[in-house]
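Okay, structure first, notes after.
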Amino acid sequence: MTSFTKIPDEERPVISVDATHTIARIEANTYGGFTEHMGRCIYGGIYDPGNPLSDENGFRTDVIKAMKDLNVPVVRYPGGNFVATYHWLDGVGPREKRPKRHDLAWAGVESNQFGTDEFLKWCEIVGTEPYFALNFGTGTLDEALAWVEYCNSDADTFYANLRRQNGREKPYKVKYWALGNEMWGPWQVGQMTKEAYADKAYQWAKALKLLDPSIVLILCGETGYSSWDSYVIKECIRYDLHGLGGSTTASLIDMHSIHIYTASDDHLKNVTAPRSAERAIQIAASLIDLARIENKVPHTVPRQKICFDEWNVWDPQRAPGEKGAEEAYTLSDALAVAVWLNVFVRQAEHIGMANIAQSVNVISPLMTTKEGIVKQPPWWPLVLFSKYMRGQSLAVNVRCGEYEGQTSPGWIRGTVETPWLDVSAALQDNGVVSLAVVNITENRAIETQLKGIPAGAKVEVHKVTGKSVLERDAGISKEDITWPSSHCFEFPAASLTLLRYKP
Ligand code: AHR
């Protein structure tokens with residue numbers, strides 16, 4: 001959480017951090033990923049058999065290393081829009097028998113050479129948790145139950161035995177399951193009304209939890225501030241012991257998902273756009289509280305959090321999905337991603353999971369070529385945040401000037417503030433404070449007084465910046481400094497600075 005005090009641009013800004021003002025735990029799953037059967041995300045991204053860089057499973061080892069460097073805790077799969085016509089059974093068993101199918105989401109042909117067992121093996125190698133989305137388009141509840149049984153059951157039953165027959169004795173214990181993807185969207189096969197979706201999601205949730213009460217179910221929301229969100233939350237976040245084995249601490253729905261992609265050709269609109277996601281999170285969290293109050297959900301049932309399972313900067317001239325949605329990112333986009341991540345840290349109280357869309361090649365900072373990987377500018381804020389912005393989110397006060405121009409979307413203006421310095425802070429479990437400051441200005445270094453860092457402290461300074469906001473190979477630097485008694489620090493124009501110190 002950050003409180004903001006607006007001052008004239010001529011006055012010196014002040015950032016105050018108090019390491020005792022902890023707000024909420026930053027869930028590790030905030031730094032999640034997403035891999036969809038789309039473009040070169042799976043084929044040619046994480047799975048590239050025959051490439052010298054791939055292991056005996058056909059998995060790209062350079063991508064695995066990048067995922068490990070990012071310490072990605074959870075990865076969503078197999079879509080996205082793709083999942084609305086995906087039948088998981090097509091993607092298990094002997095490869096030569098797997099059928100090729102039309103992929104209606106991205107107008108391609110799906111070979112099914114990579115499926116459930118391959119993805120789950122990849123997750124084990126990467127050291128990440130899988131998160132599956134269920135087919136709410138052409139899929140059936142029976143199919144969904146069968147998938148959960150295949151992945152999680154240790155009983156002597158048909159689909160658990162099919163898993164064993166396919167070479168995996170131990171259940172995978174897949175914890176996270178999404179009740180469909182963007183079912184409100186006109187592009188979705190099987191698009192639904194909110195009423196039809198809420199009915200179906202609730203009934204599926206009941207059956208799925210009867211089969212495996214240990215799973216975490218995620219409701220399909222829209223942006224967090226739509227009538228779809230309001231309706232499905234009200235209908236599905238209620239207290240119902242059926243399917244919960246009489247538990248007074250469990251609920252059928254554990255999280256509510258929302259998706260937002262931000263973008264603008266204009267730098268200041270681009271970097272302030274993620275503030276709309278901040279308001280979206282607050283609104284969705286309020287809708288959840290309202291449903292809990294109206295539906296008399298007891299306090300013993302943990303408050304449902306937001307699963308922001310698709311977020312990113314996506315160029316306004318979108319590279320077409322059918323062509324793989326490969327994006328060329330700039331420093332401006334890297335700073336927008338840093339603001340996105342600040343949003344998640346500030347709103348840690350409400351965030352159960354967040355997944356950048358996507359992890360490789362498709363709308364992604366990480367690109368593969370036949371010879372290796374390329375890290376685009378947004379990669380660097382991701383690495384810094386995933387490494388250091390963990391533990392507890394801290395309250396911060398920021399006094400500085402504000403960008404007063406147009407925003408995208410326009411409703412940010414008048415709803416959310418857009419300070420020149422976008423800030424969040426975390427107290428890591430090892431007692432180190434990490435302070436992330438994005439100077440969103442294009443060409444104005446901002447000298448700022450920092451309150452809370454002891455004079456003479458050793459401070460690690462990480463910076464992501466470049467010569468221009470349009471730069472495509474903006475880099476990262478690190479230096480160690482001794483904190484000056486003046487307590488002032490100059491944040492370079494167009495930069496993310498992460499300061500790490502013991503308070
Ligand atoms: O991430 C690309 C697509 O964007 C996803 O498939 C869909 O859920 C969203 O519209």
Side-chain angles (χ1 to χ4, degrees), residues 32-46 72 74-86 88 101-108 110 114 119 131-139 176-192 197 201 218-224 226 228-229 232 255-263 273-274 276-277 280 306-329 333 336-337 340 353-367 376 378 382:
F34 171 34
T35 54
E36 175 166 7
H37 283 251
M38 176 180 177
R40 295 193 306 122
C41 182
I42 302 291
Y43 302 106
I46 68 176
V72 63
V74 61
V75 179
R76 181 172 179 248
Y77 173 85
N81 298 340
F82 171 79
V83 80
T85 58
Y86 179 62
W88 70 272
R101 304 271 192 209
H102 282 288
D103 156 25
L104 300 185
W106 307 115
E110 172 54 49
F114 186 96
F119 179 71
Y131 165 22
F132 281 161
L134 295 166
N135 176 352
F136 260 56
T138 60
Y176 301 104
W177 296 83
L179 297 162
N181 169 73
E182 296 187 354
M183 293 315 298
W184 43 269
W187 51 86
Q188 209 62 252
V189 173
Q191 182 195 2
M192 302 174 86
Y197 174 78
I218 294 129
L219 193 65
C220 169
E222 193 179 336
T223 51
S226 70
W228 173 284
D229 292 285
V232 303
M255 285 195 267
H256 178 73
S257 110
I258 59 178
H259 292 177
I260 293 180
Y261 293 91
T262 59
S276 62
I306 311 295
C307 177
F308 218 126
D309 55 14
E310 285 186 35
W311 70 268
N312 206 348
V313 177
W314 193 346
D315 203 282
Q317 282 78 49
R318 287 185 173 188
E322 297 76 14
K323 295 205 172 120
E326 301 198 2
E327 292 287 313
Y329 286 116
D333 299 322
V337 162
W340 264 105
M353 189 193 294
N355 309 71
I356 187 164
Q358 298 187 6
S359 291
V360 190
N361 288 332
V362 176
I363 335 167
S364 179
L366 186 70
M367 307 298 289
Q376 302 203 67
L382 272 183

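For the numbers below, each heavy atom of this structure counts, side chains included, while hydrogens, waters and symmetry mates do not. Every number for a ligand or one of its atoms is a count from 1 in the order of the listing.
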Open item on the list: Please report the interatomic distance OH(Tyr131) to SG(Cys307), rounded to the nearest 0.5 Å.
Closed with: 4.0 Å
TODO: Mind telling me whether Phe114 and Tyr43 have parallel, tilted or perpendicular rings, with 30° and 60° as the class edges?
DONE: perpendicular
- [ ] Please list, by chain and number, the protein residues whose heavy atoms come under 4.0 Å of ligand 1.
- [x] Phe34, Glu36, Met38, Gly80, Asn81, Trp106, Asn181, Glu182, Tyr261, Glu310, Trp314, Gln358, Ile363
Open item on the list: If the condition is salt bridge (charged side-chain N to carboxylate O under 4.0 Å, His left out), which residues does Asp309 pass it with, not counting sequence neighbours?
Closed with: Arg76
- [ ] Nearest 0.5 Å please: distance from the CD atom of Glu326 over to the CG atom of Asp315.
- [x] 13.5 Å
Task: Partner residues of Gln376 under the side chain to side chain donor-acceptor pair (under 3.5 Å) criterion, sequence neighbours left out - done: none
TODO: Sequence neighbours left out, what passes side chain to side chain donor-acceptor pair (under 3.5 Å) with Trp340? Give chain and number order.
DONE: Thr262
